[in-house]
Amino acid sequence: MFATTKTKFKIFILQKIRKGICDMETRIALIGIIVESKESIEKLNNILSEYSQYIIGRMGLPYQKKSVSIISIVLDAPNDTISALSGKLGMLPHITTKTIYSKISSDI
C-alpha cells in the first residue's frame, strides 16, 4: 500500500510541475558510468528507465581492450533527482559513477 501511495504522490507532483503550478529549479548534469561487469547491466537499465523523463541523452561505448563499458548520461532535473539517481547507480556492484553539475539552473 505504501508503494502505491508513494507512486500516486510522485505522479501528482509531476502533473503539477508540468502544469506550472509548482516551480522547481533544475540543473544540467552529466553522470559518467563505468561498467566493469555485465552482471549489473539489467539493474542499471531499469534504474535509468525510472528516470527517463529527465534524461536528455545517453551515450555508451564498449571498450573491449579493458573489458568495460563507458556510459554518459546527460540530465536536466532537480538537484534531489540527480542525487537520487547517482546514488542508486553508485550502489550497484561493479559500477563506478561520477556526477558533474553545471552552474546553469532553470525553472521547469
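Minimum heavy-atom separation, Ile47 to Tyr51: O-CD1, 3.2 Å. When all heavy atoms are compared, the tightest approach of Asn45 to Arg58 is OD1-NH2, 2.8 Å. The shortest heavy-atom contact between Ser69 and Pro62 is OG-CA, 4.1 Å. Nearest heavy atoms, Pro93 versus Ser40: O-OG, 2.6 Å. Contact record, Arg27 with Asn79: CD-OD1, 2.8 Å, taken as the closest heavy-atom pair. Taking each heavy atom of Thr99 and Ala29 in turn, the nearest pair found is CG2-CB, 4.5 Å.
Atom CD of Glu39 is separated from atom CD1 of Ile95 by 9.0 Å, given to the nearest 0.5 angstrom. Taking CD1 of Ile31 as the reference point, atom CD1 of Ile82 lies at 7.0 Å (rounded to 0.5 Å). Here Asp80 contributes atom CG and Glu25 contributes atom CD; the two are 11.5 Å apart, rounded to the nearest 0.5 Å.
Hydrophobic clustering (ILVMFWY, side-chain heavy atoms < 4.5 Å, transitive): Leu85 and Ile41 are in one cluster. Residues Ile56 and Met59 do not share a hydrophobic cluster, clusters being chains of Ile/Leu/Val/Met/Phe/Trp/Tyr side chains in contact below 4.5 Å. Taking hydrophobic clusters as Ile, Leu, Val, Met, Phe, Trp and Tyr residues chained together by side-chain heavy-atom distances below 4.5 Å, Leu61 does not share a cluster with Ile33. One hydrophobic cluster, built from ILVMFWY side chains closer than 4.5 Å, cannot hold both Ile34 and Leu30; they sit in different ones. The hydrophobic cluster containing Leu48 does not contain Val68, counting ILVMFWY residues as joined when their side-chain heavy atoms lie under 4.5 angstrom apart, directly or transitively.
Within the 4.5 Å cutoff, side-chain heavy atoms of Ile71 are placed close to those of Leu44.
Under a 3.5 Å cut-off, the side chain of Ser86 and the backbone N or O of Ser83 do not form any donor-acceptor pair.
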